[in-house]
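Here the structure comes first, spelled out in structure tokens, and everything after it is commentary.
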2 protein chains.
Amino acid sequence: MSTIGDVARAAGVSVATVSRALRGLERVKPETRDRVLKAAADLHYSASPAATSLVSGRTRGIAVVTPYFNRWFFATVISGLEKVLREEGYHVLLCDLEGHTFDTRLPVTQGMFWKRADAVVLLNVPLDETERALLDRLGLPVVTVGNRQAMWPSVRIDDKAAMRIATEHAIALGHKRIAYAGTVPASVTHLQTPFDRREEFAAVMAEHGLTAPAEWVLECDWTAEDAREHAETMFASAHLPTCVVAASDEIAFGVLSAARRSGLEVPGDVSVIGVDDHVLADIFDLTTVRQDVLAQGQQAGILVLEALDGHPRDADEVLDVSLVVRGSTAPAPSAQVAGTRS
Amino acid sequence: MSTIGDVARAAGVSVATVSRALRGLERVKPETRDRVLKAAADLHYSASPAATSLVSGRTRGIAVVTPYFNRWFFATVISGLEKVLREEGYHVLLCDLEGHTFDTRLPVTQGMFWKRADAVVLLNVPLDETERALLDRLGLPVVTVGNRQAMWPSVRIDDKAAMRIATEHAIALGHKRIAYAGTVPASVTHLQTPFDRREEFAAVMAEHGLTAPAEWVLECDWTAEDAREHAETMFASAHLPTCVVAASDEIAFGVLSAARRSGLEVPGDVSVIGVDDHVLADIFDLTTVRQDVLAQGQQAGILVLEALDGHPRDADEVLDVSLVVRGSTAPAPSAQVAGTRS
DNA sequence: CTGTTAGCGCCTTCAA
DNA sequence: TTGAAGGCGCTAACAG
């Protein structure tokens with residue numbers, strides 16, 4: 001492959017002119033520009049990003065840090081992000097922090113970003129002090145998705161509001177025996193959403209004079225498979241809830257599966273409600289609270305671009321969520337008038 | 001942030017020594033090395049990848065080209081790939097080719113790779129002549145996943161074998177009225193798997209003296225939603241199949257959903273079988289043909305690493321697939337002894 | 001409008 | 001075992 005010097009020689013001009021012509025700068029005679037363009041095309045010339053970056057100090061790369069990558073939420077956010085960045089000539093560097101166990105995640109390191117990315121996007125990964133210091137030191141624009149921290153611009157939904165909607169829907173249907181699926185071990189520090197959702201569930205329940213007994217609060221990692229396992233155990237007991245509120249749709253899918261395996265009808269015997277509006281929620285007729293995940297990625301991309309354009313904005317974009325009632329929920333079997341307390 | 005010169009000054013040695021010490025090369029007095037290491041740590045020094053790359057010619061980046069990546073299959077492959085590359089100090093550059101419509105994909109360009117990646121991995125994206133020439137010219141190692149082409153090392157499953165297993169299962173259950181969901185428009189040139197699967201379905205059917213009438217062959221893009229739509233139309237007609245073979249599990253999910261909406265029992269009224277063993281296949285009790293997608297990503301990573309180590313291998317790794325019978329399939333209603341022709 | 005020149009930060013001979 | 005010096009390919013002044 002060829003260098004800028006080759007193109008200069010082929011076009012009979014200096015490297016500086018080639019550089020200007022190729023980047024579309026002013027002050028190049030059209031005729032010269034054409035000659036350069038042709039030479040470059042003939043030689044299949046592309047500028048070396050390393051050389052460009054070394055001198056300009058910018059890389060046109062955006063580091064995207066994610067705790068998991070093959071999970072619907074994260075993959076979808078990244079997809080939205082990537083498309084808006086690509087439009088502006090940026091590419092994404094994937095930094096997957098997934099460790100070997102659920103409550104392990106890799107540390108964020110300087111090597112991921114330093115002279116490698118022009119900005120970083122954090123997807124639902126709260127940083128510890130060291131990591132935050134590291135990002136401060138690097139001085140890169142940072143945008144967070146899913147949880148606001150350190151006064152960086154952020155885009156997210158209000159997890160508590162979402163869970164409130166889900167829980168209130170269950171209660172409005174007359175359910176009182178309500179279970180919750182999706183608490184996580186206290187040791188899990190890398191996801192904040194689980195805590196917010198769990199907390200709000202309890203809060204809303206309390207507001208209505210309800211409590212879920214411990215055996216109806218399922219701790220599981222946020223996968224359908226693990227959720228199913230725990231839900232099956234619950235469904236095997238004599239003491240059954242009439243409704244299960246799941247912290248996420250993937251968890252809800254697991255609950256749906258456990259119910260079917262346990263011979264329970266949904267929503268006849270038990271209602272199930274999730275949060276997220278996973279692509280497959282509609283397919284499996286799951287009542288849920290919708291959030292626009294792709295839009296979150298796109299918004300994050302816009303915030304990054306703004307910061308890169310020198311117009312950083314301390315945004316805290318909170319996207320709307322809304323209840324989507326589908327077939328997995330029904331009034332409680334013995335439901336009196338909605339709103340009645342026992 | 002600091003440069004190698006700062007570290008050299010702080011440690012009282014030359015930049016050359018710092019370079020050697022930091023990269024763990026021989027011929028550095030242990031005591032000197034320690035001093036350099038300490039200085040580097042104190043200064044939070046990281047080498048500039050651009051500078052390193054400019055002089056070494058290597059980038060430690062692997063370009064991963066994918067037609068979509070918020071789809072389970074692709075996200076999972078990338079996840080597997082990323083983890084094995086990360087172990088060796090490589091990172092992935094995401095090249096998403098998803099266009100605006102189903103049968104559009106962005107072209108592969110030189111700018112994606114040139115001096116940006118040390119190797120490229122193609123996930124299920126057949127290249128046209130121009131693109132192939134481009135990759136040849138760049139001289140980078142290429143590994144393909146999902147479809148073999150141009151004699152590049154590849155890892156994949158045998159799509160025809162997988163579909164054969166699915167179709168033969170349906171037939172062995174006594175089904176004769178078998179529909180197929182998942183053909184794609186002839187204009188779609190960027191996915192080869194749909195063609196192979198479709199072709200083999202027809203072949204196996206023919207071997208057994210069966211044919212699916214046109215109204216039982218559903219063209220849809222490979223999403224549950226679109227599949228559902230088409231399947232609903234089919235289920236609304238008077239002429240119903242007793243079994244639907246889906247080209248993928250996501251399509252099968254859509255068929256499952258359509259059946260339920262149409263008041264059909266699965267597997268009582270209609271059996272459904274997919275291919276892939278999607279994470280949620282087990283959750284939704286879908287009979288399918290299993291492939292190990294994560295392993296494909298990992299294998300691809302290993303092939304890349306081998307090529308980078310100077311031991312390129314013209315591998316054509318074909319991973320096993322196997323039937324997983326779950327609850328979505330049952331013998332045909334009027335099934336005589338298996339094997340009987342009408 | 002175009003050319004010359006000095007680095008960007010690092011690695012790699014080649015000497016010492 | 002260490003240091004000095006020459007690029008890698010490009011951009012950004014500064015001249016002309």
Side-chain angles (χ1 to χ4, degrees), chain A residues 1-40 43-61 89 110-111 113-118 138-139, chain B residues 1-40 43-61 89 110-111 113-118 138-139:
Chain A
M1 299 297 309
S2 41
T3 73
I4 198 174
D6 299 329
V7 178
R9 204 168 313 114
V13 296
S14 73
V15 295
T17 300
V18 173
S19 178
R20 284 187 286 251
L22 257 25
R23 286 179 301 149
L25 299 190
E26 309 301 308
R27 305 170 168 276
V28 177
K29 191 195 295 180
E31 171 193 338
T32 309
R33 175 188 312 285
D34 291 346
R35 202 145 31 89
V36 170
L37 256 34
K38 178 167 188 328
L43 295 171
H44 299 293
Y45 172 77
S46 290
S48 154
T52 302
S53 166
L54 185 57
V55 58
S56 73
R58 299 181 318 90
T59 65
R60 309 218 62 109
Q110 175 169 317
F113 314 124
W114 175 238
K115 293 291 183 188
R116 209 183 265 298
D118 296 340
L138 294 182
Chain B
M1 299 299 307
S2 40
T3 73
I4 199 175
D6 299 328
V7 178
R9 203 168 314 114
V13 295
S14 72
V15 296
T17 301
V18 173
S19 178
R20 283 186 287 248
L22 258 26
R23 285 179 300 148
L25 299 190
E26 309 302 307
R27 301 168 172 277
V28 178
K29 191 194 295 179
E31 171 193 339
T32 309
R33 176 189 311 283
D34 291 345
R35 204 146 29 91
V36 171
L37 256 32
K38 178 166 187 332
L43 295 171
H44 299 293
Y45 172 77
S46 291
S48 154
T52 301
S53 166
L54 185 56
V55 59
S56 74
R58 298 182 317 89
T59 66
R60 307 217 63 104
Q110 175 168 316
F113 313 124
W114 176 236
K115 292 292 184 189
R116 208 183 268 295
D118 296 340
L138 294 183

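We name chains A, B, ... by the order of the sequence lines, and we start the count at 1 in each one.
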- Query: What's the verdict on side-chain contact (heavy atoms from CB on, under 4.5 Å) for A/T59 and A/R116, showing C-alpha distance, side-chain angles and the deciding distance?
  - Reply: CA-CA 6 Å; A/T59 65; A/R116 209 183 265 298; 5.6 Å; no
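For A/S2, there are no side chain to side chain donor-acceptor pair (under 3.5 Å) partners at least two apart in sequence or on another chain. A/S46 is linked by a side chain to side chain donor-acceptor pair (under 3.5 Å) to B/Q110, counting only residues two or more places apart in sequence or in another chain. Shown here are the salt bridge (Lys or Arg N to Asp or Glu O under 4.0 Å) partners of B/R23, two or more places apart in sequence or in another chain: there are none. Residues that satisfy the side-chain contact (heavy atoms from CB on, under 4.5 Å) test with B/K29, not counting sequence neighbours, are B/E31, B/T32. Under the side-chain contact (heavy atoms from CB on, under 4.5 Å) criterion, B/R33 pairs with B/A21, B/V28, B/L37, sequence neighbours left out.
Protein atom NZ of B/K29 is 14 Å distant from nucleotide atom C1' of D/dG3, rounded to whole Å. The nearest whole Å value for the distance from the CZ atom in B/R116 to the P atom in D/dG9 is 16 Å. Between the P atom of C/dC8 and the CZ atom of A/R58 lies a distance of 18 Å, rounded to the nearest Å. One atom, CZ of B/R9, and another, C1' of D/dG3, lie 15 Å apart when rounded to the nearest Å. In this structure, A/M1 places its CE atom 12 Å from P of D/dG9, rounding to the nearest Å.
Applying the salt bridge (Lys or Arg N to Asp or Glu O under 4.0 Å) test to pairs two or more places apart or on separate chains, those with a residue in residues 3-19 of chain A are A/D6-A/R9.
Dashed line: the shortest gap from a side-chain N or O of A/T17 to OP1 or OP2 of C/dT2 is not under 4.0 Å. Checking the phosphate oxygens (OP1, OP2) of D/dT2, a side-chain nitrogen or oxygen of B/T32 falls inside 4.0 Å.
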Residues 50-58 of chain B, side-chain donor-acceptor partners within the protein, below 3.5 Å, at least two apart:
from	atom 1	to	atom 2	distance (Å)
B/T52	OG1	B/S48	O	3.0
B/S53	OG	B/R58	O	3.4
B/S56	OG	B/T52	O	2.9
B/S56	OG	B/R58	N	3.1
B/S56	OG	B/R58	O	3.4

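The residue A/S53 sits apart from the nucleic acid: no heavy atom pair falls under 4.0 Å.
Summary of helix geometry: the two end axes of the helix from C/dC1-D/dG16 to C/dA16-D/dT1, each defined by five base pairs via their C1' atoms, are inclined to each other by 30° (rounded to 10°).
Considering CD1 of B/I4 and OG1 of B/T17, their distance stands at 9.5 Å, rounded to 0.5 Å.
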- Tell me, for nucleotides 9-16 of chain C in 5' to 3' order, what letter each nucleotide earns: B for a base near a protein heavy atom under 4.0 Å, S for only sugar-phosphate near one, - for neither? BSSB----
